[in-house]
**Q** 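My questions will all concern the structure given below.
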Amino acid sequence: SCFTPLPIFGLAQDILGLKTVKPEGAFYIFPDCSFFFGKSFGEHKINNPEDLALYLLDEAHVATVGGTSFGAPNCLRFSYAISEENIHKAMQRVSDALAKLS
């Protein structure tokens with residue numbers, strides 16, 4: 001099966017605060033999420049991508065990985081080795097959750 005980054009890439013680009021570079025031959029994107037550092041919602045305070053990954057798991061029920069262990073300390077890692085339908089659902093949840101941070 002061949003995966004295209006275009007659906008998730010475009011959806012990520014549409015989320016205010018994420019800076020996304022188009023991937024080249026990978027099954028994931030690494031958007032810069034540093035815009036959200038220092039923001040909070042409820043008991044969640046976002047200081048780094050790992051905090052944001054935990055927040056998205058709790059609030060949006062979407063699993064991501066902080067980029068620090070990949071040498072990208074301002075980024076989140078989103079895999080798109082899933083169906084296009086699930087990508088659309090997940091990115092909408094991510095967008096809604098990120099909009100709550102202030």
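Start at 1 with the first residue, then count along the sequence.
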**Q** Between the side chains of Asp51 and His44, is a donor N or O closer than 3.5 angstrom to an acceptor N or O?
**A**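 No, no side-chain donor-acceptor contact under 3.5 Å.
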**Q** Output, in order, the C-alpha distance, side-chain angles, deciding distance and verdict of side chain to side chain contact (heavy atoms under 4.5 Å, CB included) for Thr64 and Leu52.
**A** CA-CA 9 Å; Thr64 63; Leu52 190 55; over 6 Å; no
**Q** Among Pro31, Cys75, Ser34, which one satisfies side chain to side chain contact (heavy atoms under 4.5 Å, CB included) with Leu18?
**A**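 Single side chain to side chain contact (heavy atoms under 4.5 Å, CB included) partner of Leu18 among Pro31, Cys75, Ser34: Pro31.
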**Q** Without placing hydrogens or testing angles, list every side-chain donor-acceptor pair under 3.5 Å for residues 91-102, not counting sequence neighbours.
**A**
| residue | atom | partner | partner atom | Å |
| --- | --- | --- | --- | --- |
| Gln92 | NE2 | Asp96 | OD1 | 2.8 |
| Lys100 | NZ | Glu59 | OE2 | 2.5 |

**Q** Just wondering, do Pro7 and Tyr80 contact through their side chains at under 4.5 Å, heavy atoms?
**A**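 Heavy-atom side-chain distance check fails, nothing below 4.5 Å.
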**Q** Report yes if the side chains of Thr20 and Phe9 come closer than 4.5 Å at any heavy-atom pair, otherwise no.
**A**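 Side chain of Thr20 against side chain of Phe9, heavy atoms only: contact under 4.5 Å found.
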**Q** Short question: side chain of Glu50, backbone of Thr68 - any donor-acceptor pair under 3.5 Å?
**A**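 Such a contact is found between Glu50 side chain and Thr68 backbone.
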**Q** Is it true that Ile15 and Ile82 fall in one hydrophobic cluster, defined by side-chain heavy atoms closer than 4.5 Å?
**A**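 Yes, one cluster joins them.
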**Q** Do we get Lys39 above Phe35's six-membered ring, with its NZ or CZ under 6.0 Å from the centre and within 45° of the axis?
**A**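 Cation-pi check for Lys39 and Phe35: passes.
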**Q** Spell out, yes or no, whether Leu56 and Phe70 are grouped together once hydrophobic residues are joined by side-chain heavy atoms under 4.5 Å, including indirect joins.
**A**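 Each belongs to a different hydrophobic cluster.
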**Q** Is there side-chain contact between Phe78 and Val65, with at least one heavy-atom pair below 4.5 Å?
**A**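 Phe78 does not reach Val65 side chain to side chain.
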**Q** Under the side chain to side chain contact (heavy atoms under 4.5 Å, CB included) rule, what do Leu57 and Val62 come out as? Steps first, then yes or no, please.
**A** CA-CA 5 Å; Leu57 186 60; Val62 173; over 6 Å; no
**Q** Identify, with sequence neighbours excluded, every residue that meets salt bridge (charged side-chain N to carboxylate O under 4.0 Å, His left out) alongside Glu43.
**A**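 Result, salt bridge (charged side-chain N to carboxylate O under 4.0 Å, His left out) vs Glu43: none returned.
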**Q** Minimum heavy-atom separation for Gly67 and Phe30, please, with both atom names.
**A**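 Nearest heavy atoms, Gly67 then Phe30: CA-CE2, 4.1 Å.
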**Q** With heavy-atom distances below 4.5 Å as the criterion, would you say the side chains of Pro49 and Phe36 are in contact?
**A**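 Of all side-chain heavy-atom pairs linking Phe36 with Pro49, none is under 4.5 Å.
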**Q** At what distance, to the nearest 0.5 angstrom, does CG of Asn47 lie from CZ of Phe37?
**A**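 With rounding to 0.5 Å, CG (Asn47) is 9.0 Å from CZ (Phe37).
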**Q** Please tell me if the side chains of Ile46 and Ser40 come closer than 4.5 Å, counting only heavy atoms from C-beta onward.
**A**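 Of all side-chain heavy-atom pairs linking Ser40 with Ile46, none is under 4.5 Å.
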